[in-house]
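Written out below as structure tokens is the structure these notes cover.
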Amino acid sequence: MSNLYESAFRANRDAMVVADTKMHFVAVNRAASELFGVQEDELIGRRVSEFSLPTERSASQFATFLAEGVMRGEYRIRRPDGTVRRVLYTATSNIEPGLHLSVLRDLGEDVALEQPQPADRSQLALLAASVGTWEWDLADGRVIWSPELQAVHGLQPGEFDGTFEAAEALIHPLDLDRLRGAARRLGSEGRLAIEYRIIRPDGDVRWLSVQGKLYAPDNNMDLAFAVGVSLDITEQKQQQTALSLIVNSSRALASSLDYESTLRTVAELAVPDLADWCSVHVRDAKGDDRIVALHHRDPRKTAWAWELLERFPPDPDAPGGASVVIRSGRSIMMEHISEELYDGLDEERLAVARELDLSSYICVPMSSRGRIYGAIAFASAESRYHYDAKDLEVAEHMARRAAVAIENAISHRETENERAKFEVIVSTVGYGVCHVTEAGEVTYMNAAAADLLGISSDDALGRTPCDVLHGRACDSPECGLSATALPAAFQRREAFTTAQGESLAVELLASPLTVQDRPNGTVLVFHDIRKQLEQERAKDDFVAFASHELRSPLTPVLGMASWLSRKAESAPEKYDSDDMEAIVTLKDESERLARVVDTFLDLSRIEAGRLQLDAEPLDIKASLEAELASLRQRYPEAHVTLEALPGPIHAISDSLRFRQVAANLLENAVKYGSPSAPQVKVTLSRDAKDAVFSVTDNGPGIADHDLPNIFSRFYRAENESVRRRKGLGIGLYITKQIVDAADGSIVADHSVGPGATFTVRWPLRAALPDVR
Ligand code: ADP
């Protein structure tokens with residue numbers, strides 16, 4: 001069997017069996033194996049009669065069959081499992097010398113006593129209509145077609161007049177030359193094997209697979225005749241075409257992101273298997289429809305069609321037009337295009353329509369996930385093919401795949417645009433930017449980071465951020481950038497030596513990234529703060545120097561102001577009221593000045609890392625009470641209360657620094673409390689380790705967004721009550737530094753009163769080696 005014939009044989013849904021003259025199975029297809037209930041290769045070599053019921057066997061029938069060449073009827077098959085199936089068969093003898101072909105249609109489980117149902121008859125007709133035999137007398141050109149073959153051609157039995165011309169008249173004009181060539185070669189090659197199209201009288205185009213053989217008795221060509229079998233393979237052909245179209249177009253569509261050129265490929269693929277003409281229409285962003293591909297097998301015709309489109313731009317409202325399909329999202333199929341469709345066309349257009357001479361048309365929307373990107377139109381013309389539901393299915397499948405390709409291309413382009421925009425922004429900000437995956441690998445580093453760190457962006461890829469920044473990988477959890485500790489959100493300053501040996505200081509911000517609600521690693525942003533640090537150091541040095549210089553002359557001034565004040569208090573009669581006022585002002589202001597200078601000195605100490613706390617006996621409750629008394633004295637209008645357990649709370653700690661902490665918080669409570677009637681509530685308690693005290697005021701409190709920064713250097717909240725008060729924003733910073741140095745903790749919140757509450761835990765025993 002030729003390959004083609006063999007694949008038709010294999011793919012046929014009906015059981016097909018080839019047997020030799022002794023009726024042994026020689027070849028079977030899968031449907032036959034299912035029908036006989038035996039594996040394909042196990043059937044080969046067995047006798048057909050093994051599967052027959054005794055009553056069915058008839059030697060005389062077989063002889064007639066051999067003589068007549070064709071036999072058909074009903075038959076029963078007994079399967080190895082004992083079940084009996086009824087089949088319709090058509091058998092053709094000597095398809096090749098000594099080989100007989102039977103086509104069997106399964107009619108189901110045997111219901112022997114039943115008369116054949118009308119449905120069976122129609123199935124019989126169906127089977128007969130797909131295989132036919134022929135005989136061709138080469139000498140006189142006479143052609144004999146079996147009734148089945150006439151039916152295959154859409155003719156009634158006897159309608160075929162037996163002339164070669166009548167046969168040729170049914171052949172598709174596009175295949176006629178090929179068939180004539182094959183017929184000529186029959187004389188020399190002795191065989192015929194060809195597939196071609198016929199057009200039935202009703203216009204239906206069918207594919208036939210034809211195999212024939214030449215017989216020349218006594219090698220006399222004058223007596224030569226050919227016999228053969230014709231098989232209607234339209235359905236297999238359709239299936240094959242559909243499959244290869246779907247596979248090829250899917251492959252083309254998946255392979256490229258340049259969708260316009262891909263759509264051109266799709267149009268080219270569709271021709272000629274599915275269409276003589278194919279055009280692809282795309283709706284652009286403005287809502288206009290554009291033809292991006294138009295194809296015909298003949299390039300001259302394609303060029304001609306483009307010209308036509310220039311001359312007669314498509315009417316967006318033309319029924320059946322691509323625009324209508326794009327708008328509605330619904331496919332259109334015109335199985336038969338007839339002249340009536342041309343009604344109403346002007347002469348010029350009518351001429352064009354006649355020249356195009358379309359016979360059938362399909363237009364399907366390219367839509368994916370509810371969005372319509374365009375439409376594909378398929379038209380048959382010279383092939384005279386008429387589309388059916390299966391073709392529509394194939395067309396829709398291709399269009400769906402095309403829509404997905406467009407969708408991918410668009411989203412890829414959008415992503416690329418976004419990426420390009422992002423690259424420009426990120427590379428111009430001057431900040432180093434890195435992206436780190438959840439597995440701790442750098443996947444992106446911008447040019448600024450590369451400059452700063454002295455390595456190329458490519459070199460950074462795949463390494464840990466710690467390795468990239470610090471020039472060596474570490475696994476210390478404190479590092480925060482090592483492979484073991486993925487960067488969580490933080491902001492900090494870091495000084496380190498780069499891989500190139502350069503000392504670098506950066507402000508580093510790490511923030512986890514979420515993309516479409518899913519964690520997607522961390523972004524690190526950093527910038528060089530070496531200059532800034534230098535300036536800050538110079539400023540700190542100046543502040544330290546100035547505070548020192550101011551403090552020395554201030555000490556005697558303070559001493560004298562206090563001496564004068566004591567003197568005036570002991571003998572007030574000696575001073576008039578102006579003198580008294582001047583002395584009080586001198587004392588208050590010199591003390592205020594001393595406090596400011598001391599604050600700066602503290603700041604300098606902290607910056608220089610020289611803040612040290614002493615360890616000495618301290619009564620926390622008494623110290624707090626003393627600070628409260630001083631506060632009451634300075635602010636008699638303030639209502640100050642203390643809630644504490646009776647008895648002292650002893651500690652070993654730095655008493656001056658403890659009092660400084662308490663004084664700062666109490667001062668702020670009055671300062672930021674209610675301006676008309678400040679209230680300060682203090683609580684004091686203790687546990688095994690710490691004394692715990694809190695200061696609550698009745699002011700406006702601290703906004704949530706200020707809470708995280710309240711202990712930062714020079715930070716002041718932005719609000720009216722703060723603006724009304726003078727301040728530098730360093731009191732709380734120093735307070736926190738002191739509490740930290742004492743190994744305690746301080747938090748601010750607004751959980752207690754309407755105003756702010758600061759709670760301090762102060763260790764009862766300073767964590768110093770000599771007091772343990
Ligand atoms: P200063 O009082 O000099 O501004 P601080 O360091 O003492 O500096 O306080 C820093 C900032 O914290 C203040 O400017 C203010 O915004 C806020 N703050 C401090 N204490 C309170 C409080 N009791 N109530 C409301 N805000 C406060």
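Numbering of ligands and ligand atoms starts at 1, following listing order.
- Checked against the 6.0 Å centroid criterion, the rings of Phe658 and Phe693 qualify as a close aromatic pair.
- At least one heavy atom of Gly729 sits closer than 4.0 Å to an atom of ligand 1.
- By the 4.0 Å N-to-carboxylate-O rule, Arg492 lies close enough to Glu494 to be salt-bridged with it.
- Put simply, no part of Glu667 is less than 4.0 Å from ligand 1, judged by heavy atoms.
- The atoms of ligand 1 that sit less than 4.0 Å from any heavy atom of Asp697 are 22 (C), 23 (N), 24 (N).
- Between the side chain of Asp654 and the backbone N or O of Leu613 there is no donor-acceptor pair closer than 3.5 Å.
- Nearest residue to atom 20 (N) of ligand 1 from Asn709, Asn698, Leu665, Asn668 is Asn668 (criterion: closest heavy atom).
- The existence of a salt bridge linking Lys531 and Glu536 is excluded, since no basic side-chain nitrogen approaches an acidic carboxylate oxygen closer than 4.0 Å.
- Heavy-atom proximity to Leu728, at under 4.0 Å, picks out these atoms of ligand 1: 3 (O).
- Taking any N or O of Phe758, backbone or side chain, none lies under 3.5 Å from an N or O belonging to ligand 1.
- Listed by number with element, the atoms of ligand 1 under 4.0 angstrom from any heavy atom of Gly727 are 3 (O).
- Closest to atom 4 (O) of ligand 1, if we only count protein heavy atoms, is Arg716 NE, 2.6 Å.
- Backbone and side-chain nitrogen or oxygen atoms of Ala756 are examined, and none is located within less than 3.5 angstrom of a nitrogen or oxygen of ligand 1.
- The atoms of ligand 1 that sit less than 4.0 Å from any heavy atom of Ile710 are 12 (O), 17 (C).
- By the 3.5 Å distance cut-off applied to N or O atoms, Gly701 is not counted among the residues near ligand 1.
- Within ligand 1, the atoms closer than 4.0 Å to a non-hydrogen atom of Ile730 are 6 (O), 8 (O), numbered from 1 in the order shown.
- Below 4.0 Å from some heavy atom of Val722 lie the following atoms of ligand 1, by number and element: 14 (O), 15 (C), 16 (O).
- Looking at atom 13 (C) of ligand 1, its nearest protein heavy atom turns out to be Tyr672 OH, 3.5 Å.
- Residue Lys726 places no N or O, backbone or side chain, under 3.5 Å from any N or O of ligand 1.
- Nearest protein heavy-atom neighbour of atom 16 (O) of ligand 1: Ala717 N, 3.0 Å.
- Ligand-side atoms of ligand 1 in range of Gly731: 5 (P), 6 (O), 7 (O), range being under 4.0 angstrom from any heavy atom.
- Residue contact check: Leu732 has heavy atoms under 4.0 Å from atoms 5 (P), 6 (O), 7 (O), 9 (O), 10 (C), 12 (O), 19 (C) of ligand 1.
- When each of Asp602, Asp614, Asp598 is checked for a salt bridge (Lys or Arg N to Asp or Glu O under 4.0 Å) with Arg657, only Asp602 meets the rule.
- Using a 4.0 Å cut-off between a side-chain N of Lys or Arg and a carboxylate O of Asp or Glu, Arg537 and Asp540 do not qualify as a salt bridge.
- Considering both main-chain and side-chain atoms, Tyr733 never comes within under 3.5 Å of ligand 1 through any nitrogen or oxygen pair.
- Salt bridge status for Arg369 with Glu407: present, with a side-chain N to carboxylate O gap under 4.0 Å.
- For atom 10 (C) of ligand 1, the closest non-hydrogen atom on the protein side is Tyr715 O, 3.4 Å.
- Salt-bridge formation is not detected for the pair Asp697/Lys681: no Lys NZ or Arg NE/NH1/NH2 atom is positioned less than 4.0 Å from an Asp or Glu carboxylate oxygen.
- Using a non-hydrogen distance threshold of 4.0 Å, Gly699 does not register as a contact of ligand 1.
- No donor-acceptor pair under 3.5 Å is formed between the side chain of Glu441 and the backbone N or O of Arg463.
- By the 4.0 Å N-to-carboxylate-O rule, Glu667 lies too far from Arg725 to be salt-bridged with it.
- Salt bridge status for Arg592 with Asp588: absent, with no side-chain N to carboxylate O gap under 4.0 Å.
- A salt bridge is defined here as a Lys NZ or Arg NE, NH1 or NH2 lying under 4.0 Å from an Asp or Glu carboxylate O, and Arg530 with Asp528 meets this definition.
- Only the side chain of Lys671 comes within contact range of ligand 1, with a heavy atom under 4.0 Å; no backbone atom does.
- For Arg566 and Glu569, the salt-bridge test fails: no basic side-chain N is under 4.0 Å from an acidic carboxylate O.
- Checking Leu732, Asn664, Thr696, Asn668 one by one against Phe758, the side chain to side chain contact (heavy atoms under 4.5 Å, CB included) holds for a single residue, Leu732.
- Summary of contacts: the protein heavy atom closest to atom 26 (N) of ligand 1 is Ile702 CG1, 3.5 Å.
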